[in-house]
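What you see below is based on every heavy atom in this structure, not just the backbone, and it leaves out hydrogens, waters and symmetry mates.
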4 protein chains.
Amino acid sequence: MDRPKLKIPSMVKDPVLIEKRRRQIVDAAVELFIHKGFHRTTTREIAKASGFSIGTLYEYIESKEDVLYLVVEAIHGEVERRLREALCDSKSGIEMLKEAIRHFFKVMDEMQDSVLLMYQETKSLPPTHLPYVLRKEEEITGIFEEILRRGIADGTIRLDESQVKLMAHNIMVMGEMWTFRRWALRKHYTLEQYTERQIALLLNEMASESSKEPIRKE
Amino acid sequence: MDRPKLKIPSMVKDPVLIEKRRRQIVDAAVELFIHKGFHRTTTREIAKASGFSIGTLYEYIESKEDVLYLVVEAIHGEVERRLREALCDSKSGIEMLKEAIRHFFKVMDEMQDSVLLMYQETKSLPPTHLPYVLRKEEEITGIFEEILRRGIADGTIRLDESQVKLMAHNIMVMGEMWTFRRWALRKHYTLEQYTERQIALLLNEMASESSKEPIRKE
Amino acid sequence: MDRPKLKIPSMVKDPVLIEKRRRQIVDAAVELFIHKGFHRTTTREIAKASGFSIGTLYEYIESKEDVLYLVVEAIHGEVERRLREALCDSKSGIEMLKEAIRHFFKVMDEMQDSVLLMYQETKSLPPTHLPYVLRKEEEITGIFEEILRRGIADGTIRLDESQVKLMAHNIMVMGEMWTFRRWALRKHYTLEQYTERQIALLLNEMASESSKEPIRKE
Amino acid sequence: MDRPKLKIPSMVKDPVLIEKRRRQIVDAAVELFIHKGFHRTTTREIAKASGFSIGTLYEYIESKEDVLYLVVEAIHGEVERRLREALCDSKSGIEMLKEAIRHFFKVMDEMQDSVLLMYQETKSLPPTHLPYVLRKEEEITGIFEEILRRGIADGTIRLDESQVKLMAHNIMVMGEMWTFRRWALRKHYTLEQYTERQIALLLNEMASESSKEPIRKE
DNA sequence: TATGAATGAGCGTTCATTCAT
DNA sequence: CATGAATGAACGCTCATTCAT
């Protein structure tokens with residue numbers, strides 16, 4: 001599986017130092033971008049919050065937009081890491097799917113500010129960088145595709161192959177909409193309610209008769 | 001039904017002229033924002049594309065952000081208008097819902113650039129203006145809520161009241177995701193495929209047995 | 001005595017109307033200039049406060065600076081008028097001088113905002129207009145010169161002719177400093193105290209022995 | 001003696017450099033403000049005349065008004081420095097006072113453009129900055145108060161304590177009026193004539209009999 | 001006479017980026 | 001490697017003035 005990460009050039013040679021400094025940059029920038037937005041945050045602020053000078057900042061990036069890319073990549077990375085963490089072993093495909101969705105929604109909830117940030121600022125990425133971000137998004141979506149296929153294979157999920165991609169995207173968007181529609185959803189539903197109802201909606205159609213279980217009541 | 005539109009102040013008195021000029025501004029700005037984004041578009045560009053001078057532009061708005069608000073409001077307005085157009089008479093609730101969804105998704109498709117723009121730039125709105133936009137979004141969502149309740153009332157839709165809001169939001173987001181996920185969805189689905197499958201997903205659970213019909217095959 | 005008032009051109013022919021409109025302009029502008037200063041006041045504000053449109057304003061003046069001239073001229077005019085009012089009859093030169101000073105200081109106090117305005121904004125006058133204002137200032141100063149000479153003539157004031165001008169300017173400045181140093185003087189002196197002490201200072205030297213009177217104690 | 005100077009923030013850290021650059025700014029701005037006035041001078045002109053770019057200018061100030069404050073402060077500072085220079089030792093209070101006045105008037109004459117500038121533009125200072133300027137003006141006035149009190153103490157000056165402040169302000173204003181009334185005074189008096197006559201006027205009343213000396217004749 | 005919409009030169013200020021030290 | 005002073009293009013916005021109606 002090829003995942004060609006975009007290689008942001010740096011004036012500095014030592015890769016360990018690069019790693020360390022960029023983590024500082026990302027940590028500082030995430031905070032700033034969440035509170036002020038990408039455009040209203042200045043490079044000086046990023047440098048200062050990172051703990052070094054503006055000159056040093058530019059030793060590790062080539063442009064302000066690189067910082068945005070680094071940030072988006074980091075958030076994406078964390079989402080993926082956390083999602084994969086909770087995957088491993090589960091027995092049947094459908095069980096795995098439900099657990100994955102629950103976990104994913106929980107991650108979305110816990111990382112809501114970051115996820116929202118990513119959602120809103122991705123468009124400010126330079127056209128060169130954007131494809132890498134979309135690729136990553138597809139990759140994460142791919143996780144759900146795989147689970148769906150696993151369920152199809154083991155007979156616990158009834159779904160036409162042509163619909164696998166769509167269903168995976170639906171799951172992704174339903175997770176993300178918990179962040180970008182929180183202004184409305186939070187007023188009426190808790191995360192748990194939201195999660196179970198969406199699962200019910202998604203699985204109703206595709207759960208094989210045998211695997212159907214009563215929906216939890218809240 | 002009170003829908004308090006935000007009143008953007010103008011130096012010009014004649015309301016007809018204001019209407020006319022603001023339409024020019026919106027038309028010009030939508031195009032520019034779609035292609036360059038809000039932040040990368042300058043007020044001078046907006047003025048020029050509107051067909052008058054920068055001074056005249058500022059006779060009809062107070063700040064660049066006002067233009068964004070005007071744009072978002074116009075897009076929202078058109079979405080709502082077009083959606084309501086296709087509503088009126090339909091017989092049963094479920095029929096009405098299906099038609100509304102189909103029409104809504106079609107509008108989203110036709111207005112995809114504008115809708116995407118609205119989605120991405122809403123966050124650049126001044127905090128004062130934002131609530132009016134969210135209110136409008138809720139209002140449009142409310143259209144689907146009403147249809148759902150109508151179906152519940154006439155027995156063609158089986159859905160708990162507590163889920164009405166969620167379902168309406170799901171419909172909205174599914175329409176909008178056709179624009180903001182087009183980079184992925186377009187590769188695998190036509191609008192028609194996308195529409196019918198999402199309808200199937202949404203209705204499967206709530207369609208009363210009696211009203212169930214075979215899903216169209218593409 | 002020639003006092004060539006600057007003739008501000010107007011597009012309007014009727015002199016009565018000009019007079020009327022310009023009075024409106026001056027009244028509005030004085031208020032605005034006092035509170036916001038000349039530079040921070042816009043022509044639109046002047047027009048609005050005058051009770052007519054910006055177009056009409058420009059029918060009666062040629063530039064914003066004309067308004068300033070009109071204002072300064074009006075203030076100067078009122079100062080002179082009020083000063084001359086209290087002059088007429090008095091018996092001896094020295095008595096007349098004292099009364100004139102008292103009255104002048106009182107006028108300065110009552111018109112302090114206007115006088116201060118005039119003091120601070122005169123420099124914003126176009127070079128063409130300035131001489132007319134300075135001429136007027138000299139004219140008012142001339143009133144005190146005349147009184148001084150009257151006192152010299154009737155023997156109640158002992159003063160060399162070469163010092164007449166200086167003394168007159170001193171009186172003028174002492175009156176005006178009550179406005180432009182009010183931030184300091186008001187903390188320590190009432191207008192009455194200030195007046196009597198300055199009179200004492202001024203007259204001590206020049207009052208003939210015979211006309212000397214004990215200074216009022218406060 | 002606390003004289004809390006207003007601390008204008010700077011983006012640059014090195015205080016020596018700040019000092020140096022601000023001196024450049026003040027030198028350039030004084031010249032420009034004298035010839036064009038504060039409002040008609042642009043920040044770009046200030047930057048250019050200072051010898052650096054507009055960006056650099058804003059590294060050392062926060063707003064154009066800061067430049068005005070820096071200018072006024074510098075002029076005030078020089079006036080005070082020059083005045084204090086000529087003070088030190090003199091024998092009697094009255095002698096000291098006369099020397100101080102002569103020196104002060106000379107400084108006013110030599111710095112007439114700057115002093116006039118300060119007089120005319122002080123009102124353009126932001127309300128935050130103004131008090132610092134007035135404080136400074138009072139401080140300089142205080143120099144004369146001290147000399148007056150010294151003369152009272154050593155018996156060479158006869159003056160009620162209640163009049164000390166007024167007399168000090170009179171001296172200040174008489175010095176300053178040489179600049180802002182130069183259009184009239186210069187026509188009739190040389191600086192020396194002006195100085196001696198004003199000294200005569202001021203001292204006539206308060207010089208003790210013993211210390212009276214014949215006024216110089218010009 | 002009176003109106004007020006239109007104009008656009010010009011302003012103060014910002015901030016991503018560079019580069020000499 | 002790190003620093004931070006210097007740069008200047010670019011921006012949003014203002015407002016005195018004009019002129020067609």
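Nearer to the 5' terminus of DNA chain E, by closest-nucleotide assignment, is the contact made by D:I61 (compared with the other of D:I61 and A:E65). Nearest-nucleotide positions on DNA chain E for D:K64 and C:D14 put C:D14 closer to the 5' end.
One can place NZ of C:K13 at 15 Å from C1' of E:dA2, the figure rounded to the nearest angstrom. In this structure, B:E45 atom CD and F:dC11 atom P are separated by 7 Å, rounded to whole Å. In this structure, the OH atom of C:Y60 is 6 Å from the C1' atom of E:dT1, given to the nearest Å. Atom pair A:K48:NZ and F:dA5:P shows a separation of 13 Å (rounding to whole Å applied). Put simply, OH on B:Y58 is 16 Å from C1' on E:dA9, counting in whole angstrom units. Going from atom CZ of C:R40 over to atom P of F:dT14 covers 15 Å, rounded to whole Å.
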- Message: Let me check I have this right: for DNA chain F, each base becomes ., (, ), [, ] or |, based on Watson-Crick or G-U pairs with both distances under 3.5 Å. What is the full string?
- Response: .||||||||||||||||||||
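What you find for B:S114 and B:I34 is that their closest heavy atoms are N-CD1, 4.0 Å. Residues B:S124 and B:H39 approach most closely at OG-CE1, 3.3 Å, considering heavy atoms. Shortest non-hydrogen contact noted between D:A74 and D:V26 is CB-CG1, 3.7 Å. Between C:E65 and C:L125, the closest heavy-atom pair is O-CD1, 4.2 Å.
Using a 4.0 Å cutoff on non-hydrogen atoms, no part of residues 20-39 of chain C comes near DNA chain F.
B:Y69 and B:Y132 have perpendicular rings, their planes meeting at more than 60° on a 0 to 90° scale where under 30° would count as parallel.
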- Item | A:E121 and A:K64: CA distance, side-chain angles, deciding distance, salt bridge (charged side-chain N to carboxylate O under 4.0 Å, His left out) verdict | CA-CA 13 Å; A:E121 303 291 9; A:K64 190 188 170 190; over 6 Å; no
- In sequence, state the C-alpha distance, the side-chain angles, and the governing distance for C:D113 and C:H35, and then conclude on side-chain hydrogen bond (donor to acceptor under 3.5 Å, both in side chains). CA-CA 9 Å; C:D113 290 332; C:H35 288 107; over 6 Å; no
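Under the side chain to side chain contact (heavy atoms under 4.5 Å, CB included) criterion, C:H76 pairs with C:V72, C:M118, C:V133, C:K136, C:E137, C:I140, not counting sequence neighbours. Applying the salt bridge (Lys or Arg N to Asp or Glu O under 4.0 Å) test to D:E62 and every residue at least two apart in sequence or in another chain returns nothing. For A:E45, the side chain to side chain donor-acceptor pair (under 3.5 Å) criterion is met by A:K36, A:T42, not counting sequence neighbours.
Distance from the side chain of A:L17 is smallest for F:dA2 among the nucleotides F:dA2, E:dT17, F:dA5. Side-chain atoms of C:S63 lie closest to F:dT17 of the nucleotides F:dA5, F:dT17, E:dA16.
Using a 4.0 Å heavy-atom cutoff across all strands shown, A:M11 reaches no nucleic acid atom at all. At the heavy-atom level, D:T43 lies under 4.0 Å from base atoms of the strands shown. No contact: B:S10 has no heavy atom under 4.0 Å from any strand.
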Filtered N/O pairs between nucleotides 7-9 of chain F and protein, under 3.5 Å:
residue	atom	partner	partner atom	Å
F:dT7	OP2	D:S53	N	3.4
F:dT7	OP2	D:T56	OG1	2.7
F:dG8	N7	D:G55	N	3.1

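Side-chain contact between C:Q24 and C:F52: present, with at least one pair of heavy atoms (C-beta onward) separated by less than 4.5 Å.
For the pair D:K123 and C:F38, the cation does not sit on the ring face, since its NZ or CZ is not both under 6.0 Å from the ring centre and inside 45° of the axis.
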